[in-house]
Amino acid sequence: MVTSVLRGLVAALLAVLSLTAATPAHAAETLPVAEAVTRLPVSAESRDGYDRDAFRHWNSGDDPSDGCNTRNEVLLAEAVEPPTVGPRCRLSGGRWWSYYDQVWVTSASGLDLDHMVPLAESWDSGASAWTAQRREAYANDQGAQASLVAVTARSNRSKADQDPAQWMPPASEAHCRYIAEWVGTKLRWSLTADETEVAALRDAADGCPGQEVTYELAS
């Protein structure tokens with residue numbers, strides 16, 4: 001009797017484990033950019049208490065054993081022509097495409113790693129309530145290709161901490177991709193948007209009828 005009950009419990013446990021393994025924690029979702037904009041929670045923003053140091057970066061990256069920090073791991077992943085990796089993950093050579101301004105870059109030192117949604121903007125939009133660990137995860141997010149992007153230092157510094165109501169990439173052909181990645185990043189991290197930002201995104205999305213947004217909720 002006891003043996004049969006135990007067998008039944010084991011079978012039930014295995015069934016639950018199998019179902020859990022087969023179902024991803026957060027499934028990716030793809031939808032038109034105009035629809036994605038409507039899913040952004042609208043809320044007023046506040047920068048009270050913001051400190052860039054509240055977002056620890058760059059950390060040891062996704063693979064601490066490779067000797068590269070997050071910045072260099074992303075540069076290696078985004079390189080069109082891979083650079084040579086020297087001692088202490090020093091990068092030389094290589095070639096990258098900066099899609100913000102549509103130019104080639106042939107030196108890692110000429111690139112900035114841009115947070116698609118800047119750290120200050122994320123603070124305004126909900127990150128102020130996060131734990132330090134979640135802010136670190138956000139600042140070093142390699143779980144979505146759009147979260148961190150290698151672009152020219154000039155374009156990144158022109159953008160600074162502005163949202164799409166205030167700044168768009170200088171290359172007009174980059175706008176549809178940019179707003180899709182902006183919206184996808186905000187949805188991934190459950191960040192809000194203010195009314196002016198949403199209006200600008202809605203207007204931009206009208207000019208991008210074929211653009212889709214793919215995102216997966218950050219764990």
Side-chain angles (χ1 to χ4, degrees), residues 24 26-30 33 52 55-119 121-122 133-162 164 167-189 208 210-219:
H26 301 296
E29 186 168 1
T30 299
V33 66
R52 185 175 175 83
F55 296 80
R56 179 174 174 261
H57 68 291
W58 307 107
N59 65 18
S60 57
D62 283 357
D63 181 6
S65 67
D66 66 6
C68 299
N69 62 14
T70 298
R71 170 185 159 83
N72 281 357
E73 285 185 355
V74 173
L75 290 179
L76 287 168
E78 293 193 4
V80 178
E81 294 178 7
T84 299
V85 183
R88 302 182 68 179
C89 200
R90 186 175 184 277
L91 306 183
S92 58
R95 195 159 74 122
W96 292 263
W97 176 248
S98 172
Y99 92 82
Y100 286 4
D101 40 9
Q102 307 280 287
V103 298
W104 289 102
V105 180
T106 55
S107 172
S109 63
L111 293 160
D112 276 359
L113 208 59
D114 182 38
H115 291 92
M116 174 54 59
V117 175
L119 301 181
E121 170 69 20
S122 72
Q133 291 76 19
R134 188 160 180 83
R135 285 194 289 267
E136 180 178 352
Y138 177 83
N140 297 275
D141 182 21
Q142 295 186 62
Q145 189 174 0
S147 294
L148 297 167
V149 56
V151 294
T152 60
R154 179 179 61 254
S155 64
N156 181 50
R157 292 165 197 181
S158 169
K159 171 182 173 178
D161 57 9
Q162 300 175 94
W167 186 91
M168 290 284 278
S172 59
E173 54 266 51
H175 289 185
C176 290
R177 173 181 171 182
Y178 183 76
I179 63 165
E181 294 186 347
W182 179 279
V183 173
T185 302
K186 284 220 158 178
L187 291 174
R188 171 170 169 76
W189 288 92
C208 305
Q211 183 68 52
E212 292 185 329
V213 173
T214 298
Y215 73 96
E216 182 176 356
L217 289 176
S219 52

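Note that these values count all heavy atoms, side chains included, but never hydrogens, waters or copies made by symmetry.
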*Mind running side-chain contact (heavy atoms from CB on, under 4.5 Å) on Glu216 and Arg188 for me, showing each step along the way?*
CA-CA 5 Å; Glu216 182 176 356; Arg188 171 170 169 76; 4.3 Å; yes

*Could you go through the side-chain contact (heavy atoms from CB on, under 4.5 Å) check for Tyr99 and Glu173 one step at a time?*
CA-CA 9 Å; Tyr99 92 82; Glu173 54 266 51; over 6 Å; no

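Formation of a donor-acceptor pair under 3.5 Å by the Asn59 side chain with backbone atoms of Pro64 is not found in this model. Asp141 contributes no side-chain N or O that, together with a main-chain N or O of Ser147, makes up a donor-acceptor pair within less than 3.5 Å. Between the side chain of Asp112 and the backbone N or O of Asp114, no donor-acceptor pair lies under 3.5 Å.
Pairing each heavy atom of Asp63 with each of Glu73, the nearest pair is N-OE2, 3.2 Å. Contact detail for Pro170 and Asp101: the closest heavy-atom pair is CG-CB, 3.8 Å. Between Ser158 and Trp167, the shortest heavy-atom contact is OG-NE1, 3.0 Å. In terms of heavy-atom proximity, Ala139 sits nearest to Leu119 at CB-CD2, 4.1 Å. Contact between Ser107 and Trp96 at its shortest, heavy atoms only, is C-CZ3, 4.0 Å. Scanning both residues, Thr214 and Ala28, for their nearest heavy atoms gives CG2-CB, 4.5 Å.
At a threshold of 4.5 Å between non-hydrogen side-chain atoms, the residues Thr185 and Tyr138 count as touching. Between Tyr100 and Val149 the shortest side-chain heavy-atom distance falls below 4.5 Å. Counting heavy atoms from C-beta on, the side chains of Ser155 and Ser98 come closer than 4.5 Å. Side-chain atoms of Met168 and Ile179, non-hydrogen and from C-beta on, do get closer than 4.5 Å to each other.
The environment of CD in Gln145 is sparse: at most 12 heavy-atom neighbours from other residues, nucleotides or ligands sit within 6.0 Å. In the displayed structure, Arg134 atom CZ is contacted under 6.0 Å by more than 12 heavy atoms of other residues, nucleotides or ligands.
For the atom pair CG of Leu111 and OG1 of Thr106, the computed distance is 9.0 Å after rounding to the nearest 0.5 Å. Note that CG of Leu113 and CZ of Arg71 are 6.5 Å apart. Values are rounded to the nearest 0.5 Å. How far CG of Asn140 is from CG of Leu148: 7.5 Å, rounded to the nearest 0.5 Å. Atoms CD and NE2, from Gln211 and His175 in turn, are 12.5 Å apart once rounded to the nearest 0.5 Å. A distance of 6.5 Å separates CG in Leu91 from SG in Cys68, rounded to the nearest 0.5 Å.
Residue pairs meeting the ring pair (Phe, Tyr, Trp, His ring centres under 6.0 Å) criterion with at least one member in residues 56-94, sequence neighbours excluded, are His57-His115, Trp58-His115.
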Side-chain atoms of residues 75-90: list all donor-acceptor pairs with protein atoms under 3.5 Å, sequence neighbours left out, distances to 0.1 Å.
| residue | atom | partner | partner atom | Å |
| --- | --- | --- | --- | --- |
| Glu78 | OE1 | Ala150 | N | 2.9 |
| Glu81 | OE2 | Arg95 | NE | 3.2 |
| Glu81 | OE2 | Arg95 | NH2 | 3.4 |

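In this structure, Trp104 has its ring center closer than 6.0 angstrom to the ring center of Trp97.
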